[in-house]
Amino acid sequence: MLGLLSRTVGDGRRAKRALRSAQVLDEVVAGQLALVSRLPEDSRRRAADYLAELVMLAQSYRHFAAGWITRKELERRGVTTMQRLAELRRPHEQAQFTEQD
């Protein structure tokens with residue numbers, strides 16, 4: 001019985017932390033939305049993609065808090081998000097045309 005109780009209490013703390021993490025991500029996104037609209041179109045698109053990744057990560061934290069996904073799955077999604085964010089941060093070279101093109 002004690003093992004079950006401690007597991008439930010621990011799960012509750014983990015769920016609260018996960019929900020707080022989701023809330024922080026939501027606040028970051030909300031704080032950046034107004035700035036995104038002022039960017040040039042190419043930058044705006046990349047910034048919107050970046051924020052969308054954060055929104056999806058926040059949703060994953062909520063799914064974990066609800067018990068719909070495991071901690072391992074949350075970690076996998078976090079790693080995937082970080083890889084996508086790293087890709088979005090990489091400078092993209094502009095296409096250059098020559099006289100032959």
Side-chain angles (χ1 to χ4, degrees):
M1 180 73 169
L2 183 58
L4 179 61
L5 178 61
S6 64
R7 199 170 100 193
T8 304
V9 170
D11 289 347
R13 282 191 215 131
R14 279 189 288 257
K16 282 184 180 182
R17 281 197 317 261
L19 289 174
R20 178 64 186 137
S21 295
Q23 182 181 8
V24 168
L25 288 167
D26 289 341
E27 290 169 3
V28 168
V29 170
Q32 297 299 311
L33 282 176
L35 300 174
V36 171
S37 65
R38 297 184 203 145
L39 294 172
E41 186 173 345
D42 183 48
S43 297
R44 185 173 45 229
R45 200 171 285 146
R46 287 180 63 188
D49 288 345
Y50 196 93
L51 294 179
E53 291 294 335
L54 296 180
V55 168
M56 290 188 293
L57 182 58
Q59 190 63 26
S60 293
Y61 274 100
R62 286 188 195 86
H63 290 172
F64 173 73
W68 297 343
I69 63 172
T70 63
R71 181 179 178 156
K72 187 173 183 175
E73 176 62 15
L74 176 61
E75 289 174 5
R76 186 194 68 74
R77 291 180 186 191
V79 167
T80 299
T81 298
M82 294 308 295
Q83 290 169 342
R84 288 179 184 151
L85 294 177
E87 175 63 30
L88 289 170
R89 281 193 300 261
R90 275 193 210 118
H92 294 276
E93 294 190 25
Q94 299 289 335
Q96 294 182 2
F97 296 104
T98 64
E99 290 179 27
Q100 294 176 348
D101 294 333

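- For the pair Arg17 and Arg20, the minimum side-chain heavy-atom distance is 4.5 Å or more.
- Residue pairs meeting the salt bridge (charged side-chain N to carboxylate O under 4.0 Å, His left out) criterion with at least one member in residues 28-39: none, sequence neighbours excluded.
- Each salt bridge (charged side-chain N to carboxylate O under 4.0 Å, His left out) pair with one or both residues in residues 58-67, not counting sequence neighbours, appears once here: Asp26-Arg62.
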If you look only at distance, which donor and acceptor atoms sit under 3.5 Å apart when one is on a side chain in residues 27-37 and the other is two or more places apart or in another chain?
unit_1	atom_1	unit_2	atom_2	d
Glu27	OE2	Gln23	NE2	3.4
Ser37	OG	Ala34	O	2.8

>> Walk me through whether Glu73 and Arg76 qualify under side-chain contact (heavy atoms from CB on, under 4.5 Å).
In response: CA-CA 5 Å; Glu73 176 62 15; Arg76 186 194 68 74; 2.6 Å; yes
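- Under the side-chain contact (heavy atoms from CB on, under 4.5 Å) criterion, Gln83 pairs with Val79, sequence neighbours left out.
- Contacts of Glu75 classified as side-chain contact (heavy atoms from CB on, under 4.5 Å), with partners at least two apart in sequence or in another chain: Arg71.
- Cluster annotation: Met82 and Leu25 are assigned to the same hydrophobic cluster (Ile/Leu/Val/Met/Phe/Trp/Tyr, side-chain heavy-atom contacts under 4.5 Å, transitive).
- Put simply, CZ on Arg14 and CG on Leu19 are 13.5 Å apart, with the number rounded to the nearest 0.5 Å.
- The distance from the CD1 atom of Ile69 to the OH atom of Tyr61 is 9.5 Å, given to the nearest 0.5 Å.
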With a cut-off of 3.5 Å and sequence neighbours excluded, list every side-chain donor-acceptor pair involving residues 47-59.
unit_1	atom_1	unit_2	atom_2	d
Tyr50	OH	Arg89	NH1	3.1
Glu53	OE1	Arg84	NH1	3.4
Gln59	NE2	His63	NE2	3.0

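- The minimum heavy-atom distance linking Ala65 with Ala18 is given by the pair CB-CB, 4.0 Å.
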